[in-house]
There are 2 protein chains.
Amino acid sequence: MNVRSRHDAIVRTLRRNGTSTVDALADEVGASRRTVLRDISALRDEGYVIHSDVGRGGGLQLDTQSLQTRAKLSVPEVFALLISVAAMRAAGNLPFSELADAGLAKIEKALPSDKVKDLRAFIECLHIGQLSPQQDLSDIGKMDTDLLPAFETAFLARQFIRFDYWDAKGRKTLRKVEPQAMLILPPLWYLVGWDPARDDFRHYRMDRISNPEAVPDTSFRRRHVPFEDDVCPYSELPP
Amino acid sequence: MNVRSRHDAIVRTLRRNGTSTVDALADEVGASRRTVLRDISALRDEGYVIHSDVGRGGGLQLDTQSLQTRAKLSVPEVFALLISVAAMRAAGNLPFSELADAGLAKIEKALPSDKVKDLRAFIECLHIGQLSPQQDLSDIGKMDTDLLPAFETAFLARQFIRFDYWDAKGRKTLRKVEPQAMLILPPLWYLVGWDPARDDFRHYRMDRISNPEAVPDTSFRRRHVPFEDDVCPYSELPP
DNA sequence: TTAAAGGTGACAGATTTTGGCACCATTTAG
DNA sequence: CTAAATGGTGCCAAAATCTGTCACCTTTAA
């Protein structure tokens with residue numbers, strides 16, 4: 001019996017029984033009274049709130065609201081959560097969004113600090129708006145999460161991005177643009193890029209992009225994307 | 001040097017240097033070659049993807065997209081994240097919402113299963129709509145997250161909820177209602193309750209509720225709340 | 001062929017964890 | 001009041017685990 005799994009067993013037992021004595025716990029997890037007491041102390045250090053009543057009829061009691069959970073997340077998952085909360089916040093602060101932020105802050109604290117900075121910088125490139133409901137959105141494709149690495153690299157290292165694009169008429173073309181921003185108009189998601197060949201901004205629906213690849217190019221410039229606050233000048237975007 | 005901190009040091013070094021040899025790592029973290037190899041093996045077991053090139057010029061390389069983070073979250077924080085993602089999904093599926101769900105699934109897997117069921121059941125009571133923008137929302141108060149425990153208890157144990165309520169005219173009254181649903185009209189958040197004294201549904205702005213308390217009462221009935229799909233019959237709600 | 005790299009197994013020594021014990025403080029039953 | 005039940009602490013030896021050393025293997029590039 002591992003120390004970690006013994007801790008888990010203790011928490012589980014406390015949750016199940018509501019209240020329990022040290023000796024009963026020791027019996028349950030197959031460890032000595034002394035060890036269980038040390039475990040309780042360790043769990044308290046970890047943030048669990050465990051009440052104890054001393055004396056006859058007393059025992060230990062786990063504060064159910066204080067339950068901790070230990071999750072192991074990958075960077076793309078953290079990224080997705082960050083976007084979710086950022087999008088929700090942009091849509092109008094919900095109650096609990098502070099609490100969600102607190103949770104995310106803990107997750108971020110567990111990431112290497114440079115990775116956090118990268119993610120935040122990427123999220124700075126997001127613009128979230130409201131799509132007018134009369135648009136025809138019958139053909140929304142699923143966005144492939146495999147796109148993420150190339151986009152992250154291109155945005156953060158200020159590289160060009162090259163990809164295949166199927167336009168609204170079903171024609172496939174090869175594009176190479178400076179990634180300037182990401183525009184979210186739920187449920188659509190656009191890349192806003194500066195196309196040097198056309199000397200203008202172009203927007204690309206993410207679900208029509210495939211095989212993206214970050215391409216180093218010294219001519220990259222960060223440009224001022226013509227978003228004004230929450231007003232999106234792209235409101236006449238073809239779906 | 002702890003095992004845990006040595007693992008962290010190894011991951012940090014691999015991230016910083018991009019690629020590194022076992023001997024260099026051993027030197028860096030002040031441990032033997034053998035120990036570092038054991039640590040690498042342990043990290044791989046934990047889910048880190050570490051590529052290795054054998055032979056002259058080879059070395060270890062951490063797959064940057066596979067970076068894991070170990071976060072410790074409390075139940076209310078998990079709850080807030082669940083609501084965020086649920087709300088975002090209701091607002092129109094964003095790309096990455098699947099990824100966010102995958103992350104949340106991992107978090108939930110780390111929770112006791114009954115707690116997960118409770119949280120899901122609570123979230124079932126949420127109705128998320130769109131607030132028409134012409135409403136006057138100048139006086140939105142902050143919702144206190146301390147309200148959560150009482151609401152969770154009342155909803156899940158089917159108990160009445162008693163609270164102080166300040167209405168739009170600033171009058172304070174004591175209410176006791178059957179909690180039937182939660183209505184989210186960003187950025188507002190309502191409790192939809194059946195008030196037995198008035199024999200009708202009433203809605204209460206959450207930021208005007210204080211001192212909520214769950215009260216067991218055998219007369220509680222689950223009622224059909226007159227929401228129709230996404231159409232909210234409460235659209236004439238006074239803010 | 002040789003040197004540089006990752007990887008494995010075995011074993012003794014170093015370190016940490018565990019169990020047992022004595023003991024203390026508090027509370028409730030009788 | 002007294003006794004029993006409970007949480008809690010300090011100490012130390014035994015048990016378990018971790019670590020370093022060493023020998024050796026495989027693969028790869030010069």
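Chain letters run A, B, ... following the sequence lines, proteins first and then strands; every chain starts at 1.
Residue B/Arg56 places no side-chain N or O under 4.0 Å from the OP1 or OP2 atom of C/dT2. Checking the phosphate oxygens (OP1, OP2) of D/dG8, a side-chain nitrogen or oxygen of A/Arg44 falls inside 4.0 Å. For C/dT18, the OP1/OP2 oxygens have no side-chain nitrogen or oxygen of A/Ser32 closer than 4.0 Å. Side-chain nitrogen and oxygen atoms of A/Ser52 include at least one within less than 4.0 Å of the OP1 or OP2 phosphate oxygen of D/dG8. Contact check, B/Arg33 against C/dG7: no side-chain N or O comes under 4.0 Å of OP1 or OP2.
Rounded to an integer number of Å, the gap from B/Leu62 CG to C/dG6 P is 15 Å. Taking atom CG of residue B/Leu25 and atom C1' of nucleotide D/dT19, one finds them 17 Å apart after rounding to whole Å. Protein atom CG of A/Asp23 is 10 Å distant from nucleotide atom C1' of D/dG7, rounded to whole Å. When rounded to the nearest whole Å, the span between CZ of A/Arg6 and P of C/dT16 equals 17 Å. Here D/dG8 presents its P atom at 13 Å from CG of A/Asp45, a figure rounded to the nearest Å. If you take CD of B/Gln61 and P of C/dA5, they are 15 Å apart, rounded to a whole angstrom. We find that NE2 of B/His51 is positioned 17 Å from C1' of C/dA5, with the value rounded to whole Å.
Mapping A/Gly58 and A/Leu37 onto DNA chain D by nearest heavy atom places A/Gly58 at the nucleotide closer to the 5' end. Between B/Arg38 and A/Val3, the one whose closest nucleotide on DNA chain C sits nearer the 5' end is B/Arg38. Comparing B/Val54 and A/Asp39 against DNA chain C, the residue whose closest nucleotide sits nearer the 5' end is B/Val54.
Atom CZ of B/Arg4 is surrounded by 12 or fewer heavy atoms from other residues, nucleotides or ligands within 6.0 Å.
Closest to the side chain of B/Arg34, out of D/dT19, D/dC22, C/dT26, is D/dC22.
Residue-level contact check: B/Leu60 touches the backbone only, with heavy atoms under 4.0 Å from sugar-phosphate atoms and none from bases. Contacts of A/Ser20 with the nucleic acid, taken as non-hydrogen atoms under 4.0 Å apart, involve only primed sugar atoms and P, OP1 or OP2.
Using a 4.5 Å heavy-atom threshold, the side chains of B/Ser20 and B/Leu60 count as separate. Contact annotation: the side chain of B/Asn211 never approaches that of B/Phe163 to less than 4.5 Å [non-hydrogen atoms, C-beta and beyond].
Partner of A/Ile50 under the side chain to side chain contact (heavy atoms under 4.5 Å, CB included) criterion, out of A/Asp63, A/Val11, A/Ile40, A/Ile10: A/Ile40 alone.
A salt bridge between A/Lys72 and B/Glu46 is absent, with no side-chain N of the basic residue lying under 4.0 Å from a carboxylate O of the acidic one.
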